Amino acid sequence: MCIRRLFQSSCLPWTWRAAFMKSMQCRQQRTHRWTHSGGGTYRAVIFDMGGVLIPSPASVAAEWEVQNRIPSGTILKALIKGGENGPWMTFMRGEITTEDFLKEFGRLCFEISETSVPVDSFFSLLTSKQVAKQFPVMTEAISQIRSKGLQTAVLSNNFRLPNGKSFLPVDQKQFDVVVESCLEGICKPDPRIYQLCLARLGLQPSESIFLDDLGPNLKAAASLGIHTIKVDDPEAAVKELEALLGFPLRVGIPNTGPVRKNMEIPKDALEKYLKGLLGTQTTGLLELLQFDHGQSNPTYYIRLPSHQLVLRKKPPGTLLPSAHAIEREFRIMKALAKAGVPVPRVLDLCEDSSVIGTPFYLMEYCPGLIYKDPSLPGLEPSQRQAIYTAMNRVLCKIHSVDLQAAGLDDYGKQGDYLPRQVQTWTKQYRAAETSTIPAMERLIQWLPVHLPSQQRTTVVHGDFRLDNLLFHPDKPEVLAVLDWELSTLGDPLADVAYSCLAHYLPPSFPILRGQASSATAEQSGKLAEFVANLAWDFAVKEGFRVFKEMPASKPLRRSYHTWAGSQSLLSPKGRRSYSSVPGAFPAHASKTALIISPEGLSPPVRELYDRLQRFMEQRVYPVEPELQRHQASADRWSPSPLIEDLKEKAKAEGLWNLFLPLEIDPEKKYGAGLTNMEYAHLCEVMGMSLYAPEIFNCSAPDTGNMELLVRYGTEEQKARWLIPLLEGKARSCFAMTEPQVASSDATNIEASIREEDGFYILNGHKWWISGILDPRCQLCMFMGKTDPQAPSHQQQSVLLVPMDTPGIKVIRPLTVYGLEDAPGGHGEVRFEHVRVPRENIVLGPGRGFEIAQGRLGPGRIHHCMRLIGFSERALALMKARVKSRVAFGKPLVEQGTILADIAQSRVEIEQARLLVLKAAHLMDVAGNKAAALDIAMIKMVAPSMAYRVIDRAIQAFGAAGLSSDYPLAQFFAWARALRLADGPDEVHRATVAKMELKKRT
């Protein structure tokens, strides 16, 4: 029977016959359009829904069963159970309610799996917006099909939801015809439902193509003469459909190209990660392209059958301090989306560098236009005006965000934004400087003393320019603001000024910032000089000619080693600057001036310093004898209850976690937000008692380990290990030193780390592992070799090892001059076949040497800071002792040798303190790398100085100085030990000598 006769037959409902007759009329009107559509003989494409447009129930079930520990295949077996008369098919024909279906379906699942199955949970997931999303590749294909004049239809076996509406999670405007089984009362593979769809399209079977993922459905369609495509992978199915139709169904992504050399991403690792993040929707081929406008943080386009994504990552290689902060980008976009600012929807942040080489985050791809040329060529003046008006409007929206409501009131410091910006620019310029730019040197000194006062604090983008905006293709509307890497809280006028910069630059000027990942990084020096000259011209035009007599032919020199020339030590107003970096801010800028005494600290830090001193005098010094007795008692390997009590008191007074430097914790999320130099003054006070650092949660090795986790740990690692350490509820250790090799050279480490079945197997012999004997020690950071064949500095890795892991065997406690240093002690330990999950690796394989160096960041000089405290306490004890003792007829204080010793000790302490403070100051203003020489010098100087000062004090005490009645013996032991523990003197001397020889004359 032909289709026309079939639909004239009285055996079909009158509604079907009416639909057919109407569609035939429409077909006659549109035949000419189809003939010239470019689609060959095909006039329509018919799509199944589940498995073609959205994930199929079977694919959703597979992952859901794993997550809920349901026997594999249970859901699929229950779906096909009973065939045409089973609960699934009757449900899709609309013959039973959702409640009745779930009841019967649950019973079937129980029979199949012999366990209770939460079918309500599965049904909720299946119908959720998270899962029931149309595959982008299909959306794009449908758009292209319709643009060629072909019809589209969806032919779905679907069901009614509890609210009575049919489940159809697609935009019906995409289709000329929609046929739903639950509304028609028949399901595929019943031929009648295909015939109904063809009737509504007004087509013969041979004029249509049908896509489905199930064989029986395709077989039924093919028997009618419909051309069919089996969909196992939506991407592959679209390619097959393209071949049949004869025109492309996928549109290229603007501003993208092949991934550039040295910017490749390991696809296998990325696919595995996406599978874990997105689940079953990631099946199919992954297409990876790179955006050409992602200069600072490389940016990639990812196409999957189920998603179009954008991946933004940190670049490889050495990075400028605090640059490329993708973590902040992720946080700000997530918050601003909720506040109504147009930004891409972010999906996930991955801080684990082992996945694709560097941390990254994912967001949904948002199609639109990016205008790269700020002159907007090709647009009418009115159109250009509309574009820039839209740009200004969105900037107003950004600056109007309620910080507290958006949860961003701690996103950055409030106040002093412009001085901090200038300081950051100066540090980054110094870090990347290859030659002297005279205009830049003038600006570095001129800007700090001519900054306007800040009127408001808002979210600032930090890089607000036209090519960081995504526009609607058809109207002047900003769809999304991109590239939030430099965002913070600050003065909104900074964004306004930066957005106006393009007005003052020549049209051909490439608006690039010259970061390390830029393809034109080698040109950045010339660009920086051009902008510096432009900026200086502004200063001169405004009438500020403070440095107009400064000869351009004799630019300022700077030294990382010693004080610069006298000219550069004078501020513009003639005040002496104690900063060793020319161009640093004058003394009134507290964060950049070298503060040589507590009196010069800012009021908040000075108040903290005074509080710390009072706590030491009132609570710590008085109980030292009791703490010493506990340390020598039979209970010494158990923590002192008194210490635990003092820790709670210190925490209550805000004297807690003072050590974390502002540079790695700018939001003060974990610490007090002190600079290294500010902490040096407080650390010296804590160093006056052997017990104080633990009381304030500022003791080694925990400080270095916590800093390591803040710098390099994943969010999961931080949650498990960092938080208990910060709260003082746990202790930790770092296992690096080995008895059989010279461990001062980290490349000598021989302990092995071998990967096996998703775990790492550790074997090694370690000793001098401080803190490992403490019963509170829950974490061991283990350093060993993952690849002995790799380059020498890429062989080592660091793993986080729970102390209750089988195979960790403490052989014995080691003593320092007979002192056990209980309860933490120093252990000799064997690691025998210790099995650790793969996710416990820090940063990734081969990053151990880098981590070991980074762990010694600000922690590099904490021991030196404390040694100044040791020495001050020893000298104070010595002075009190010699005033109260008489020998050979006169007080010791009148003996010439004693006076000479006191004088020598005072001089040596002052010298060492200044060098400690200078090193800390350099770390703050120029970064750890620039301060490397000063760090090596102070680590060479401080232990030896303390050793001599304490030795003189012991000599003045006589035999009592050797006893445990005073802290001198332990001070002495520690000072001597730190000439090894903090790196051998010989290594530091070699470092200083090599850098001295490299220094330009």
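Note that the structure is a prediction, hence the values are computed from the model and not measured. Note: hydrogens, waters and symmetry copies are ignored here, and every other heavy atom, side chains too, is used.
- Salt bridge annotation for Glu839-Arg720: absent, with no cationic side-chain nitrogen under 4.0 angstrom from a carboxylate oxygen.
- The number of heavy-atom neighbours closer than 6.0 Å to NZ of Lys77, taken from other residues, nucleotides and ligands shown, is 12 or below.
- In terms of modelled atom types and a separation under 3.5 Å, the side chain of Ser124 and the main chain of Asp120 share a donor-acceptor contact.
- Annotation: Lys267, atom NZ; neighbour count of heavy atoms from other residues, nucleotides and ligands within 6.0 Å is above 12.
- Under a 3.5 Å cut-off, the side chain of Gln151 and the backbone N or O of Leu201 do form a donor-acceptor pair.
- Between the side chain of Glu65 and the backbone N or O of Ile75 there is at least one donor-acceptor pair closer than 3.5 Å.
- Looking only at atom types and distance, the side chain of Gln134 has a donor-acceptor partner in the side chain of Gln174 under 3.5 Å away.
- Across all non-hydrogen atoms, the minimal contact from Leu278 to His307 is CD1-ND1, 3.9 Å.
- No side-chain N or O of Tyr273 forms a donor-acceptor pair with one of Asp352 less than 3.5 Å apart.
- Two residues are said to be in side-chain contact when any heavy atoms from C-beta on lie closer than 4.5 Å; Tyr194 and Val179 fail this criterion.
- Between Ile54 and Met49, the closest side-chain pair of non-hydrogen atoms falls below 4.5 Å.
- Asp213 contributes no side-chain N or O that, together with a main-chain N or O of Asp232, makes up a donor-acceptor pair within less than 3.5 Å.
- Proximity of Met138 to Val238: side-chain heavy atoms (C-beta onward) are separated by under 4.5 Å at one or more points.
- Minimum interatomic distance between Ala221 and Phe210 (heavy atoms only, all atoms of both residues): CB-CD2, 3.6 Å.
- Between Lys313 and Ile265, some side-chain heavy-atom pair lies under the 4.5 Å cut-off.
- Side-chain atoms of Asp212 come within 3.5 Å of backbone atoms of Leu214 as a donor-acceptor pair (strictly under, hydrogens ignored).
- With respect to the salt-bridge test (charged N to carboxylate O, under 4.0 angstrom), the residues Arg200 and Glu184 qualify.
- What you find for Pro205 and Leu224 is that their closest heavy atoms are CB-O, 3.1 Å.
- In this structure, the ring of Phe123 has its center no less than 6.0 angstrom from the ring center of Phe105.
- The two residues Phe135 and Val52 come nearest to each other via the heavy atoms CD1-O, 3.2 Å.
- Shown here for Ser156 and Asp48, the closest heavy-atom pair between the two residues is CA-OD1, 4.3 Å.
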> Stepwise, does the salt bridge (charged side-chain N to carboxylate O under 4.0 Å, His left out) test hold for Arg107 with Glu111?
Replying inline: CA-CA 6 Å; Arg107 185 188 63 77; Glu111 286 181 1; 2.4 Å; yes
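- Looking at Thr90, its side chain never comes within 3.5 Å of a backbone N or O of Asn85 through a donor-acceptor pair.
- Taking the side chain as every heavy atom from C-beta outward, Phe110 and Leu108 never approach each other to under 4.5 Å.
- Under the 4.0 Å criterion applied to side-chain N and carboxylate O atoms, Arg93 and Glu84 are assigned as salt-bridge partners.
- By the 4.5 Å heavy-atom criterion applied to side chains, Leu150 and Leu245 are counted as neighbours.
- One finds no salt bridge joining Lys103 and Glu99 here, because no Lys/Arg side-chain nitrogen approaches an Asp/Glu carboxylate oxygen to under 4.0 Å.
- Within the 4.5 Å cutoff, no side-chain heavy atoms of Glu351 are placed close to those of Gln717.
- Residues Phe47 and Val170 are not in side-chain contact: their nearest non-hydrogen atoms beyond the backbone lie 4.5 Å or more apart.
- Using modelled atom types, no side-chain atom of Thr228 and backbone atom of Lys219 make a donor-acceptor pair closer than 3.5 Å.
- Looking only at distances, a side-chain donor or acceptor of Glu242 sits under 3.5 Å from a matching main-chain atom of Leu249.
- Put simply, the side chain of Arg312 never gets that close to the backbone of Ile326: no donor and acceptor are under 3.5 Å apart.
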> Stepwise, does the ring-ring contact (aromatic ring centres under 6.0 Å, His included) test hold for Phe360 with Tyr300?
Replying inline: CA-CA 11 Å; Phe360 65 94; Tyr300 303 81; 9.8 Å; no
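- Annotation: the span from Leu277 atom CG to Leu347 atom CG amounts to 6.5 Å, rounded to 0.5 Å.
- Looking at Lys397, its side chain never comes within 3.5 Å of a backbone N or O of Pro342 through a donor-acceptor pair.
- Taking the six-membered ring for Trp, Phe101 and Trp88 have ring centres closer than 6.0 Å.
- Between Glu329 and Lys314 there is no salt bridge, since no side-chain N of the basic residue sits under 4.0 Å from a carboxylate O of the acidic one.
- Scanning both residues, Leu126 and Pro57, for their nearest heavy atoms gives CD1-CA, 3.7 Å.
- Within a 6.0 Å sphere centred on CZ of Arg393, heavy atoms belonging to other residues, nucleotides or ligands number 12 at most.
- Between Asp190 and Arg192 there is a salt bridge, since at least one side-chain N of the basic residue sits less than 4.0 Å from a carboxylate O of the acidic one.
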